[in-house]
Each structure stands twice: as C-alpha cells, then as structure tokens.
Amino acid sequence: MSLFSSVFRLLSFAALLLTLAPAAQAQGGRRAQRLGQLENAKIAFITNRVSLTQDQAQKFWPLYNEFSDHRRELNRSGRLLRRDITEGMTDQQLRDNFAQSFNTRQQELNLEKEYFDKFQKVISLRQVAQLFQAERDFTKEVIKRVAGGAGPGGAGND
C-alpha cells in the first residue's frame with residue numbers, strides 16, 4: 001500500500017512541477033504541446049519498461065488512462081482542501097477540512113487497490129510491479145529535467 005502512496009505522491013509532485021515550470025515559460029498552445037510530448041514520452045517509457053505486448057498495450061492503456069484521470073481528479077480535490085485552510089477557520093471548520101482530506105486520501109487508496117486488481121487482469125503481477133517502478137523512475141527523470149539536471153535523451157538513463 002505504501003508503494004502506491006509513494007507513486008501517487010511522486011506523480012502528484014511531478015504534475016505540479018510540470019504545470020508550474022512550463023506555465024512560467026510558455027503560453028497556451030506551447031504548454032499543451034509540451035504536456036502532450038511529455039505524455040507520449042511517458043507512454044513510450046512505460047511500454048518499454050513493462051515490456052507490454054501489442055495485445056496487452058491495447059487493453060492496458062485505456063485502463064491506465066482511466067486510472068490516471070481518476071487519480072488526477074482526487075489529487076486536485078486534495079490540493080483544493082489544503083489550499084482552503086486559512087487563519088480565520090474555526091476549530092470545527094478545521095476538523096471538517098481534515099475529515100474531507102482523510103476521506104480523499106482513503107479514496108486514493110481505494111482507487112489504487114481497485115486498479116491494482118484491474119491491471120492484473122490485463123498484465124502480469126510482475127508487470128504491475130514494473131509499472132509502478134517505471135512511474136517512479138519516469139517521475140524522477142521529469143523532476144531532473146525540470147530542475148535542469150539532465151541533458152537531452154536522458155530518459156531511462158540512471
């Protein structure tokens with residue numbers, strides 16, 4: 001379970017960095033293009049690292065995209081809750097905010113468990129493990145690049 005939480009948190013951090021860094025440099029279409037390129041790189045990286053066959057990939061990617069969309073929405077909700085905390089809140093409002101935050105985190109865990117089971121129906125258990133490792137590795141690479149620590153073509157080079 002902590003493996004999934006770590007992956008989720010790393011991806012959340014990478015998503016935050018990706019939305020902030022390009023936004024400071026690029027406008028509208030360029031940002032969307034860069035995010036599209038990033039998504040394509042992630043697909044290629046994971047497909048390669050997990051060694052998906054063509055048949056597996058056809059079944060896996062729609063499922064993974066569905067999982068990512070749900071995860072992104074839960075992450076967005078969690079960020080909004082954390083952002084809503086203000087000095088003027090009453091103790092009851094703080095309790096309610098924490099309760100909502102805990103509920104969101106539980107939903108994240110439930111989502112991870114649900115898709116862990118769904119993924120195993122289309123790829124092997126070992127490939128599921130490789131998937132989560134590949135997500136972590138990809139996120140590390142993205143963070144390095146955003147921070148300016150990797151040269152061109154550095155994806156997958158450790």
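Numbers here simply count residues along the sequence, with the first being 1.
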Could you state the interatomic distance from [atom1] ([X]) to [atom2] ([Y]), rounded to the nearest 0.5 Å?
X    : Y    : atom1 : atom2 : answer
T53  : Q58  : OG1   : CD    : 8.5 Å
N103 : S77  : CG    : OG    : 10.0 Å
L38  : F45  : CG    : CZ    : 11.5 Å
Y115 : K121 : OH    : NZ    : 11.5 Å
N75  : L80  : CG    : CG    : 9.5 Å
M89  : L94  : CE    : CG    : 5.0 Å

Identify the two heavy atoms, one from [X] and one from [Y], that lie closest to each other, and give their separation to 0.1 Å.
X    : Y    : answer
Q130 : R49  : OE1-O, 4.0 Å
Q120 : V128 : CG-CG2, 3.9 Å
G78  : T104 : N-CG2, 4.0 Å
Q93  : G88  : OE1-O, 4.2 Å
A57  : P62  : O-CD, 4.1 Å

*Quick one: do K113 and D117 satisfy side-chain contact (heavy atoms from CB on, under 4.5 Å)? Show the steps, please.*
CA-CA 6 Å; K113 287 178 171 180; D117 291 338; 5.6 Å; no
Hey, is the main chain of [Y] close enough, under 3.5 Å, to the side chain of [X] for a donor-acceptor pair?
X    : Y   : answer
S101 : N97 : no
E66  : L63 : no
Q127 : V50 : yes

*asked:* Between V122 and L131, is there shared hydrophobic-cluster membership here, with clusters defined by ILVMFWY side-chain heavy atoms closer than 4.5 Å?
replied: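 Yes; tracing contacts between hydrophobic side chains, which count when under 4.5 Å, links both residues.
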*Look at the side-chain heavy atoms of Ile, Leu, Val, Met, Phe, Trp and Tyr, link any pair under 4.5 Å apart, and say whether L111 and L81 land in one connected group.*
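No, because L111 and L81 fall into different hydrophobic clusters, even though each may have its own neighbours under 4.5 Å.
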One thing to verify: whether [Y] and [X] come together as a salt bridge, which I'm taking to mean a side-chain N less than 4.0 angstrom from a carboxylate O.
X    : Y   : result
D55  : K59 : yes
E73  : R76 : yes
E39  : K42 : no
E135 : R71 : yes

_Steps toward side-chain contact (heavy atoms from CB on, under 4.5 Å) verdict (F60, T47)_ = CA-CA 10 Å; F60 171 78; T47 298; over 6 Å; no
*Using only heavy-atom distances, determine whether the side chains of D96 and Q100 contain a donor-acceptor pair under 3.5 Å.*
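No, no side-chain donor-acceptor pair sits under 3.5 Å.
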*Using only heavy-atom distances, determine whether the side chains of Q33 and R30 contain a donor-acceptor pair under 3.5 Å.*
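Result is no, nothing qualifies.
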*Residue that, paired with N110, satisfies side-chain contact (heavy atoms from CB on, under 4.5 Å) out of E108, E114, Q106*: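 Considering E108, E114, Q106, a side-chain contact (heavy atoms from CB on, under 4.5 Å) with N110 is found only for Q106.
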*Strictly under 6.0 Å, is that where the ring centroids of F119 and F67 end up?*
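When the ring centroids of F119 and F67 are compared, they turn out to be within the sub-6.0 Å range.
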_L35 vs R31, test: side-chain contact (heavy atoms from CB on, under 4.5 Å). Steps then yes/no._
CA-CA 6 Å; L35 289 174; R31 181 172 176 253; 4.3 Å; yes
*asked:* What I'd like to find out is whether the side chain of I46 reaches to under 4.5 Å of the side chain of Y64, using heavy atoms alone.
replied: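 Yes; the side chains approach each other to less than 4.5 Å.
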*Near Q37 CD, under 6.0 Å, is it more than 12 heavy atoms from other residues, nucleotides or ligands?*
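Buried by this count: over 12 neighbours within 6.0 Å.
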